[in-house]
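Just so it is clear, the values below take in all heavy atoms, side chains as well, and ignore hydrogens, waters and symmetry mates. Note that ligands are numbered from 1 as they come in the structure, with each ligand's atoms numbered from 1 the same way. Computed from a predicted model, the values in this text were never measured in an experiment. Sequence positions, counted from 1, serve as the residue numbers for this chain.
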Amino acid sequence: MVPFLIVYASWSGNTQEVAEMIQETLIAENIEVTMYRIGGGVIPNPRHFDAVLFGSFTWENGATPDEVKDFVADVGYKPDNVYVFGTGDTQFGGDALFCHAAVKLARFYASPYEPLKIEQSPRGVQEEKVIEWSKGVIRHWKDLQE
Ligand SMILES: Cc1cc2nc3c(=O)[nH]c(=O)nc-3n(C[C@H](O)[C@H](O)[C@H](O)COP(=O)(O)O)c2cc1C
């Protein structure tokens with residue numbers, strides 16, 4: 001068992017749904033998971049985890065939500081092995097701004113893996129995309145251990 005941390009910000013629930021799907025997939029692959037919703041009390045110490053999966057929605061004009069920026073500042077250092085997922089909506093600025101907060105977070109943390117971008121709720125056709133991405137993260141992380 002290896003401990004992974006899932007950290008996410010969610011306002012209307014879409015990013016939370018993605019986080020929960022990722023959690024289910026990791027648990028099914030024998031990964032021990034701690035979930036933390038930003039704003040939900042004491043921040044877990046990312047140093048205690050082998051990987052951090054960081055999720056955010058995107059706000060106006062491709063912005064990163066303030067609570068996510070505050071979280072990044074509060075943690076105060078950049079853990080290795082940050083994998084980023086996000087939800088967004090292409091109607092707010094097309095492909096250029098779609099899930100832009102996730103793209104920026106991945107860049108900030110020098111994520112070694114392509115960020116996951118989900119349009120609104122992951123339920124339905126995008127569910128498989130979330131599961132495949134989660135399994136890809138596990139494979140990537142395992143490869144790093146060899
Ligand atoms: C005022 C407003 C601005 C938004 N701007 C963007 C944007 O620039 N890019 C994007 O991809 N999504 C944008 N969205 C869509 C949200 O990121 C999307 O609905 C997301 O799934 C919400 O996540 P949550 O349900 O976890 O809070 C915007 C939504 C609102 C309400």
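- For ligand 1, the protein residues within 4.0 angstrom (heavy atoms only) are S10, W11, S12, G13, N14, T15, F57, T58, W59, E60, N61, G62, T87, G88, D89, F92, L97, F98, C99, Q120.
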Just list the side-chain donor-acceptor pairs under 3.5 Å for residues 66-81, sequence neighbours left out, or say none.
| unit_1 | atom_1 | unit_2 | atom_2 | d |
| --- | --- | --- | --- | --- |
| Y77 | OH | R47 | N | 3.2 |
| K78 | NZ | F108 | O | 3.1 |
| N81 | ND2 | D50 | O | 3.2 |

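- If you take CD on Q126 and CD1 on I118, they are separated by 4.5 Å, rounding to the nearest 0.5 Å.
- Between E29 atom CD and W141 atom CH2 the span is 13.0 Å, to the nearest 0.5 Å.
- Pairs passing the side-chain hydrogen bond (donor to acceptor under 3.5 Å, both in side chains) check and including a residue from residues 102-125, sequence neighbours excluded, read N14-Q120, E17-S121, D89-Q120, T90-E119.
- Of the possible donor and acceptor atoms, one in the side chain of R37 sits under 3.5 Å from a partner among the backbone N and O of S10.
- Screening residues 9-30 for ring pair (Phe, Tyr, Trp, His ring centres under 6.0 Å), with sequence neighbours left out, gives W11-W59.
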